[in-house]
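Input: a single structure, listed below in structure tokens.
Chain A is the first sequence line, chain B the second, and so forth, proteins listed ahead of strands; every chain is numbered from 1.
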There are 2 protein chains.
Amino acid sequence: MQLLSGAWTPNIIWYLSQGSRRFSELRADIAGVSAKVLSTRLKELEARGILTRTVAPTTPPSVEYELTPLGGELMPAITAIVDVSHRLRVKSREDAAISGESAA
Amino acid sequence: MQLLSGAWTPNIIWYLSQGSRRFSELRADIAGVSAKVLSTRLKELEARGILTRTVAPTTPPSVEYELTPLGGELMPAITAIVDVSHRLRVKSREDAAISGESAA
DNA sequence: CCGTATCCGTTTGGATACTG
DNA sequence: CAGTATCCAAACGGATACGG
């Protein structure tokens, strides 16, 4: 079950699901990820056929990453995770608000 | 996004979704998990409100683990992952069969 | 039966510096 | 811009032994 293993992996797929992105765009999208880790994940995902890497021979070079159809098949799992984690965040805030109410 | 982080975590939730289980039952269900890791995961999940731990004061002691409603909310994500990984396995076998066809 | 304590190898991923 | 190379601390998790 290391299908989505690796830090930031779900994030990468999530952002690519909204369209192809360049390396630096992904770095900006995913605040906190280092170039090393992003590069590592992208290579893994490319090797697994989840995404494609396309180099435009411009100066400076531009590299586009894009989900493959296979990568698209991961979306239900990704959205389910995003959805749950979103609801859990809301819940945590509600709980925090409740415990804070007596103090407030 | 380490919502389902930790080895065996999805497995634990998966088996508990089918009903409450004892510690040794989970160990048997999830072949390969060590007592240490299982114990660690269960404690984490309990702390996060994903499951409950109930001790029956018998001899020898018996401990039941059960998903909370909050834990139940994780099921869509779990099943989505299981589902996708299942389809990907099938795909891999098909691909292997295709590449093997010329040799066969 | 249900764990915990300890030791320890492996892996992970962040920081930083550097290249084409 | 798009990475790679290196170093390194921390986390992970398996094996084993032991406690309530």
Expressed in angstrom and rounded to an integer, what is the separation of [X] atom [atom1] from [N] atom [atom2]?
| X | N | atom1 | atom2 | answer |
| --- | --- | --- | --- | --- |
| Glu44(B) | dT4(C) | CD | P | 12 Å |
| Glu25(A) | dG3(D) | CD | C1' | 16 Å |
| Arg27(A) | dG14(C) | CZ | P | 11 Å |
| Arg21(A) | dA2(D) | CZ | C1' | 16 Å |
| Leu38(A) | dA2(D) | CG | C1' | 10 Å |
| Ile12(B) | dG3(C) | CD1 | P | 12 Å |

Short side-chain N/O contact from [X] to OP1 or OP2 of [N], under 4.0 Å:
| X | N | answer |
| --- | --- | --- |
| Arg22(B) | dC1(C) | no |
| Ser24(A) | dA2(D) | yes |
| Ser62(A) | dC1(D) | no |

**Request:** Select one nucleotide: of dT4(D), dG3(D), dT4(C), the one nearest the side-chain heavy atoms of Lys43(A).
**Result:**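 Looking only at side-chain atoms, Lys43(A) lies closest to dT4(D).
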**Among dG3(D), dT4(C), dG3(C), the nucleotide that comes nearest once only the side chain of Phe23(A) is considered** =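 Nearest to the side chain of Phe23(A) among the choices is dG3(D).
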Atom [atom1] in [X], atom [atom2] in [Y]: separation rounded to 0.5 Å?
| X | Y | atom1 | atom2 | answer |
| --- | --- | --- | --- | --- |
| Leu67(A) | Leu16(A) | CG | CG | 5.0 Å |
| Ile13(A) | Leu74(A) | CD1 | CG | 5.0 Å |
| Leu4(B) | Ile81(A) | CG | CD1 | 5.5 Å |

With salt bridge (Lys or Arg N to Asp or Glu O under 4.0 Å) as the rule and sequence neighbours excluded, what pairs involving [range] come up?
| range | value |
| --- | --- |
| residues 61-84 of chain A | Glu73(A)-Arg87(B), Glu73(A)-Lys91(B), Asp83(A)-Arg87(A) |
| residues 8-33 of chain B | Arg21(B)-Glu25(B), Arg21(B)-Asp29(B) |
| residues 43-55 of chain B | Arg41(B)-Glu44(B) |

**Item:** Donor-acceptor under 3.5 Å (Ser62(A) side chain, Ala56(A) main chain)
**Value:**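 Side chain of Ser62(A) to backbone of Ala56(A): no pair is present.
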**Short side-chain to backbone donor-acceptor contact, Ser39(A) and Ala35(A), under 3.5 Å** =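 Flag not set: sc Ser39(A) to bb Ala35(A) has no pair under 3.5 Å.
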**Asked** What is the per-nucleotide protein-contact pattern of nucleotides 14-20 of chain D, from the 5' end, where B denotes a base atom under 4.0 Å from a protein heavy atom, S denotes such proximity for sugar-phosphate atoms only, and - denotes neither?
**Response** BB----B
**Message:** List the residues meeting side-chain hydrogen bond (donor to acceptor under 3.5 Å, both in side chains) with Trp14(B), not counting sequence neighbours, and say none if there are none.
**Reply:**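 Partners of Trp14(B) by the side-chain hydrogen bond (donor to acceptor under 3.5 Å, both in side chains) criterion, ordered by chain and then number, come out as Gln18(B).
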**Request:** Please list residues of residues 47-56 of chain B whose heavy atoms come under 4.0 Å from any atom in DNA chain D, ordered by number; otherwise none.
**Result:**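 Residues of residues 47-56 of chain B that come under 4.0 Å of DNA chain D do not exist, since none gets that close.
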